[in-house]
Enquirer: 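Dumping the structure here so I can ask a few things about it.
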2 protein chains.
Amino acid sequence: MVTLADVAQHAGVSASTVSYVLSGKRSISASTRARVERSIEQLGYHPNAGARALASNRSNIIALMVPLRTDMYVPVMMEIAIAVATTARTYGYDVLLLTGEEGADAVRRIEGSALADAMILMDVELHDDRLPPLRAARRPGVLIGLPAETDGLSCVDLDFAAAGALCAEHLAGLGHREIAVIGEAPGVYERLTGFAERTLSGLRERCGELGLRLLHRPCEGSYASVSATVGRIFDERPGTTAFVVQNEAATDPLLALLRQQRRAVPEDVSVVAICPDQVAVQASVPLTSVALPAQEMGRHAVEQVVAKLAGRGGDEVVLLKPELTVRESAGPRAVAGDPLP
Amino acid sequence: MVTLADVAQHAGVSASTVSYVLSGKRSISASTRARVERSIEQLGYHPNAGARALASNRSNIIALMVPLRTDMYVPVMMEIAIAVATTARTYGYDVLLLTGEEGADAVRRIEGSALADAMILMDVELHDDRLPPLRAARRPGVLIGLPAETDGLSCVDLDFAAAGALCAEHLAGLGHREIAVIGEAPGVYERLTGFAERTLSGLRERCGELGLRLLHRPCEGSYASVSATVGRIFDERPGTTAFVVQNEAATDPLLALLRQQRRAVPEDVSVVAICPDQVAVQASVPLTSVALPAQEMGRHAVEQVVAKLAGRGGDEVVLLKPELTVRESAGPRAVAGDPLP
DNA sequence: GGCCGTAGTCGAAGCGCTTCGACCCTTCTA
DNA sequence: TAGAAGGGTCGAAGCGCTTCGACTACGGCC
């Protein structure tokens, strides 16, 4: 393995000079710099990560904790993870993948061992037990999601309340008066992740303002359970003309069901989803949807981490503004006497 | 930060003794061990990762390279990644997440910087440009997937040829004589990942032996493209009574289409999928399927890596035996005069 | 012309750990 | 009962890097 000392000898300078060429922390003459860089190139030198971490007290690693379960919004998680890894690389950081399994212990372990310089936590619950050790840590932490108490922490998330409001507005604008929400699986609500509730409250509030009737039903992603849920909704509110879906897995079954029931989308029933764009585009009827900006969230999280590590900027809660893309699944409310298209 | 020396002082022993308690590389009296362990506990000591890596030349990190693209079998990738991370932890390793973006350079970087002790590569192509630097590296590497040349490398993958054969056998056993394969997107075949071709050759061979007619069509995952593909298949081979689907994204659109065309599954048409169990279970008709054993693959890969790092075992190609689970989407071929159930 | 400030370089002291050789003491064996 | 054989512990030498202080040389200033 080629070391700093080898490079120094090859270039005819001292080890510290090579180090300063690498870090740029002291000025180096152009000629020396060129010579050193040529030696690095020729010898194929890569700094030893362990030695560097030991000496500088910086590992250049960011830990990313992803949820263990693979039953929910997996593509979003994956997309965030990849965005985090990619963005981190552009700032010279690598990413350590932790699973939720270890929970708070993982936070303590990383902090204690100095394995990573900072942590990014996904799938944050309202009262997450990883937060106390994270607050106590001397390393910066950024959450993707929004806990009950955010002081001392940085957070990035979609503004789900605004997303809910946006759905309500769009449907109201199309003339709909009765809306049903097909929500996440009951387990999601029980785990108190918060985002589902925030969407709902945004929806409720704006529906109130606009005079819409709103019905909410949690729902598993399976075909059977979507079928049961939709059945109950139409029983209870036969006047329902629009659905808001916040459950990736439920979109396809819902469209299939409506088709089967001879309810045309969007002519008879409108559907608006809150889901990744990819899901919306691939659906059997391209979905008018509010995007889950996975990449943007990952990128933001890394940028906050990097800023904190550079001593810039403090704690910050960033709620990304939702954007609704009009596709084909939502249209004007059908009223009695409407001419067929 | 509490160090080894702090623990040593607290326990009244030398630093090396603490180190030996931790590593178990020399025998330590029960009383000393107990005293040291109590000190570690009380002080909340965690070994510094950088120092340990520097001194021992082992980082206890395994690098995992996942594909950058998020357009294909994402849940499988995620499941593998999580299985790798979880299994690695049980052996005391952490996982570094690399994206495919850096390609061969990432392999060289990890090797040069000693950031990780070993590498696991996913989404391996037949002639992958990461393989030469991996072969040249002094650290063990394990592939998830099967390249054209495997010498000097360990590989784990599903035996896709056997999976194909298994599908053919199952359908033949149910009396089907004409089978159509809905394959991966054309891009997958062009990228030469190999697994799609292996499935096909397994299918072809067994179909030949069993006297079945086989038709293969690549297909994008979108509803429109599945619709077009199925249309062409029935035009060309009206006698087709069974589908083999190797394309996660295509299963739901296919079932929806068949329903729309009034072809009942499994009464009129049988469907067998090669996909993760989760997809099979959640489909509108639970799919008889050959599972993609994501977890098992991840686990195996880590175990091979760990064995190699321990000096045990050499290069090995492990092809996991496929298993077919009977669910509801495949049944006996309908023949003229069949009584209705 | 002496003095200061600055750019450019070097040497040496660690960072916190592992590991080798050395040492002491007890126990077993001939 | 002497010597060998281990078990248990310690001290010290690194691992490859960063960083601090010190040193040289040079130009500008009064």
Side-chain angles (χ1 to χ4, degrees), chain A residues 1-37 39-40 43-61 92 109-117 138 309, chain B residues 1-37 39-40 43-61 92 109-117 138 309:
Chain A
M1 204 84 287
V2 28
T3 71
L4 228 207
D6 298 335
V7 175
Q9 191 178 357
H10 186 270
V13 297
S14 75
S16 50
T17 300
V18 177
S19 178
Y20 286 123
V21 167
L22 251 27
S23 69
K25 293 192 178 174
R26 285 200 183 175
S27 51
I28 297 286
S29 69
S31 69
T32 304
R33 154 170 292 115
R35 207 145 29 88
V36 169
E37 279 167 351
S39 296
I40 289 177
L43 300 179
Y45 169 69
H46 288 269
N48 180 293
R52 176 171 271 190
L54 177 58
S56 68
N57 206 19
R58 283 291 188 102
S59 64
N60 283 303
I61 289 179
R109 188 168 64 86
I110 297 302
E111 163 72 4
S113 67
L115 227 185
D117 298 334
R138 282 195 296 306
L309 286 173
Chain B
M1 204 81 290
V2 28
T3 71
L4 227 203
D6 299 334
V7 175
Q9 190 178 359
H10 186 271
V13 297
S14 75
S16 49
T17 299
V18 177
S19 177
Y20 286 123
V21 167
L22 252 27
S23 69
K25 293 192 180 173
R26 285 201 184 173
S27 49
I28 297 285
S29 69
S31 68
T32 305
R33 155 170 290 117
R35 205 143 31 90
V36 169
E37 279 167 353
S39 297
I40 289 176
L43 300 178
Y45 169 70
H46 288 269
N48 178 292
R52 176 170 269 192
L54 177 57
S56 67
N57 206 18
R58 283 291 188 101
S59 64
N60 282 304
I61 289 178
R109 187 168 64 85
I110 298 302
E111 162 73 4
S113 67
L115 227 186
D117 297 333
R138 280 193 298 304
L309 286 173

Enquirer: Can you name the residues that form a side-chain contact (heavy atoms from CB on, under 4.5 Å) with Arg109(B), not counting sequence neighbours?
Expert: His46(A), Arg89(A), Asp94(A), Leu98(B), Glu102(B), Leu115(B)
Enquirer: Nearest 0.5 Å please: distance from the CG atom of Leu4(A) over to the CD1 atom of Ile40(A).
Expert: 8.0 Å
Enquirer: Base contacts versus sugar-phosphate-only contacts with protein, heavy atoms under 4.0 Å: please encode nucleotides 11-18 of chain D as B, S and - from 5' to 3'.
Expert: B--BBBBB
Enquirer: Indicate the atoms forming the closest heavy-atom contact of Leu54(B) with Gly50(A), along with that distance.
Expert: CB-C, 4.3 Å
Enquirer: Does Ser29(B) reach a base, just sugar-phosphate, or nothing at all? Heavy atoms under 4.0 Å.
Expert: sugar-phosphate
Enquirer: Might you point out which heavy atoms bring Glu111(B) and Arg138(B) nearest each other, and give the distance in Å?
Expert: OE2-N, 3.1 Å
Enquirer: Using the side chain to side chain donor-acceptor pair (under 3.5 Å) rule, collect all pairs that involve residues 48-60 of chain A, keeping only residues at least two apart or in two chains.
Expert: Ser59(A)-Asp117(A)
Enquirer: Taking five pairs at each end of the helix from dG1(C)-dC30(D) to dA30(C)-dT1(D), what angle separates the two helix axes (nearest 10°)?
Expert: 40°
Enquirer: Grab the two heavy atoms, one from Ile28(B) and one from Thr32(B), that are nearest each other, plus how far apart they are.
Expert: CG2-CB, 3.9 Å
Enquirer: What pair of heavy atoms forms the shortest contact from Ala116(A) to Ile110(A), and how long is it?
Expert: CB-CG2, 3.7 Å
Enquirer: Taking side-chain contact (heavy atoms from CB on, under 4.5 Å) as the definition, give me every residue that meets it alongside Glu37(A), ordered by chain and number, with sequence neighbours left out.
Expert: Val21(A), Arg33(A)
Enquirer: Would you say the side chain of Tyr20(B) lies within less than 4.5 Å of the side chain of Val13(B), judging by non-hydrogen atoms?
Expert: no
Enquirer: Nearest 0.5 Å please: distance from the OG atom of Ser29(B) over to the CZ atom of Arg35(B).
Expert: 7.5 Å
Enquirer: Reading DNA chain D from 5' onward, which residue's closest nucleotide shows up sooner: Thr17(A) or Ala30(B)?
Expert: Ala30(B)
Enquirer: At a cut-off of 3.5 Å, list every protein nitrogen or oxygen paired with a nitrogen or oxygen from nucleotides 22-27 of chain C, distance to 0.1 Å.
Expert:
| residue | atom | partner | partner atom | Å |
| --- | --- | --- | --- | --- |
| dA22(C) | N6 | Arg26(B) | NH1 | 3.4 |

